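One structure is given here, and the rest of the page talks about it.
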There are 2 protein chains.
Amino acid sequence: MQLTVATEYAVRCVLHLAGATAGAVVARREIAQARAIPAPFLAKLAQRLAHAGLIRIQAGARGGYALCQPASQITLLAVVEAADGELVLQPCAAKPQACPRSPACPAHRVWAKARRQLRATLAHVTFDQLAAQEKPPTRTRKSAWTS
Amino acid sequence: MQLTVATEYAVRCVLHLAGATAGAVVARREIAQARAIPAPFLAKLAQRLAHAGLIRIQAGARGGYALCQPASQITLLAVVEAADGELVLQPCAAKPQACPRSPACPAHRVWAKARRQLRATLAHVTFDQLAAQEKPPTRTRKSAWTS
DNA sequence: CCATATCGGACTAAAATGGTCCGATATTAG
DNA sequence: CTAATATCGGACCATTTTAGTCCGATATGG
């Protein structure tokens, strides 16, 4: 019952992008170095984030990663689920036969509730908030997110 | 990010004991059969539960397991943590250096909050509630609830 | 065209998980 | 006391997941 380091890395990565000039492409290597993420692993991870529509990947010379949306619209939940897969507590989620047989396990509704709570909590934290917390001294010099 | 089947089994096991006559010793085999738990695995699991002070193990002939406390005092959280270890979300929980270096990761307070919520939710569900929910449909023939 | 830099998939190593086995020990029945 | 029962508790094993690497293919900028 733990989030994986992939999640941790994903958060760091998006956090880094959220701190960069809006929409700017940042090289993989730069992110990896700045945030202590093994570069090849970040590559793999980035694909999951891209697949989820969170970041845009630019291949080729001067390539790298950039956010697809303003940081204010990217939730922690979205990043967590992009990295780790859907957030599910129930151990028997995949198995339809659920608990033994007869009694619809009474714990299930508790799992479901806990899951809803957890997802809600993560869903209403956005990366502009996180980025702001991370760099209190830096006065947003040119955060012209003109839209 | 999922609870393990060990957790699922543990819940089933305690649920079974909660449904039995209060304080009665139930044979491992009986629990295993009734709740579809591999018996040898239940043995291992039971030790964790016993170590956590949730159940009492009686060795020898006519041995088995029994609750140490009334079901009303056993929370879902206690069982989950006994089976799975402490409930921690932070990927970098064990690592003191936390996030890279400088910026105390702003996500951490979110993980912490989510964790508190989750634990609170599980902590205020007790096994007498769960057992009660389980029983109404299941007319256990010998449910001598004579206490 | 060429250097750069990512894609994306195959691959490996290590850890966690789920599960089994068995000798030792405890308890009860006779 | 002894035999039968039944768990302990730790070693052991198989599978899956996780973390991480490597490399040929492909895309891009200059």
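Computed from a prediction, not measured in an experiment: that's the story for all the values here. Each chain gets a letter, A, B and so on, in the order its sequence line appears, and its residues count up from 1.
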Inset, instruction - Just call it for A:Pro38: base, sugar-phosphate, or nothing, with non-hydrogen atoms closer than 4.0 Å on any strand. - result: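 If one applies the 4.0 Å heavy-atom cut-off, A:Pro38 turns out to touch the sugar-phosphate alone, with no base involved.
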
Legend entry - Quiz item: A:Lys44 side-chain donor-acceptor pair to C:dG9 base, under 3.5 Å: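 No such pair is found, so the answer is no.
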
Contact between [X] and [Y] at the side-chain level, heavy atoms closer than 4.5 Å - yes or no?
X: A:Gln90; Y: A:Arg115; answer: yes
X: A:Ile57; Y: A:Leu49; answer: no
X: B:Leu3; Y: B:Leu87; answer: yes
X: B:Leu54; Y: B:Val14; answer: no
X: A:Leu17; Y: A:Ile31; answer: yes

Inset, instruction - Assess whether side chain to side chain contact (heavy atoms under 4.5 Å, CB included) is satisfied between B:Met1 and B:Leu89, documenting all intermediate values. - result: CA-CA 8 Å; B:Met1 183 59 195; B:Leu89 298 184; 3.6 Å; yes

How long is the line joining [atom1] of [X] and [atom2] of [N], in whole Å?
X: A:Phe41; N: D:dG20; atom1: CZ; atom2: P; value: 6 Å
X: B:Ile37; N: D:dT7; atom1: CD1; atom2: P; value: 13 Å
X: A:Leu42; N: D:dC22; atom1: CG; atom2: P; value: 16 Å
X: B:Tyr65; N: D:dA6; atom1: OH; atom2: C1'; value: 9 Å
X: A:Gln33; N: C:dA5; atom1: CD; atom2: C1'; value: 14 Å
X: B:Ile57; N: D:dG10; atom1: CD1; atom2: P; value: 12 Å
X: B:Leu3; N: C:dT17; atom1: CG; atom2: P; value: 11 Å
X: A:Arg28; N: D:dT28; atom1: CZ; atom2: P; value: 16 Å

Legend entry - Contact nearer the 5' end of DNA chain D, comparing A:Thr7 with A:Arg62: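 Per heavy-atom nearest nucleotide, the more 5' residue is A:Thr7.
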
Just to confirm, is there a sub-4.0 Å distance from OP1 or OP2 of [N] to any side-chain nitrogen or oxygen of [X]?
X: A:Gln58; N: C:dC7; result: no
X: A:Arg29; N: C:dA5; result: yes
X: A:Tyr9; N: D:dG20; result: yes
X: A:Thr4; N: D:dT17; result: no

Legend entry - With sequence neighbours excluded, residues passing salt bridge (charged side-chain N to carboxylate O under 4.0 Å, His left out) with B:Arg48: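 Scan of B:Arg48 (salt bridge (charged side-chain N to carboxylate O under 4.0 Å, His left out), adjacent residues dropped) gives none.
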
Inset, instruction - Give me the residues of residues 45-55 of chain A where at least one heavy atom lies under 4.0 Å from an atom of DNA chain C, by number, or none. - result: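 Within this stretch, A:Gln47 sit under 4.0 Å of the strand.
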
Inset, instruction - Following the transitive rule for hydrophobic clusters with a side-chain heavy-atom cut-off under 4.5 Å over Ile, Leu, Val, Met, Phe, Trp and Tyr, establish whether B:Val25 and B:Leu45 coincide in one cluster. - result: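 Each belongs to a different hydrophobic cluster.
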
Legend entry - Listed nucleotide nearest any side-chain atom of A:Val5, set D:dT7, D:dA19, C:dG19: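 Looking only at side-chain atoms, A:Val5 lies closest to D:dA19.
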
Legend entry - Candidates C:dT4, C:dG18, C:dT6 - which lies nearest the side chain of A:Ala61: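 The listed nucleotide nearest to A:Ala61's side chain is C:dT4.
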
Legend entry - Of A:Ala27 and A:Met1, the one whose closest DNA chain C nucleotide lies more 5':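 Final value for this comparison: A:Ala27.
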
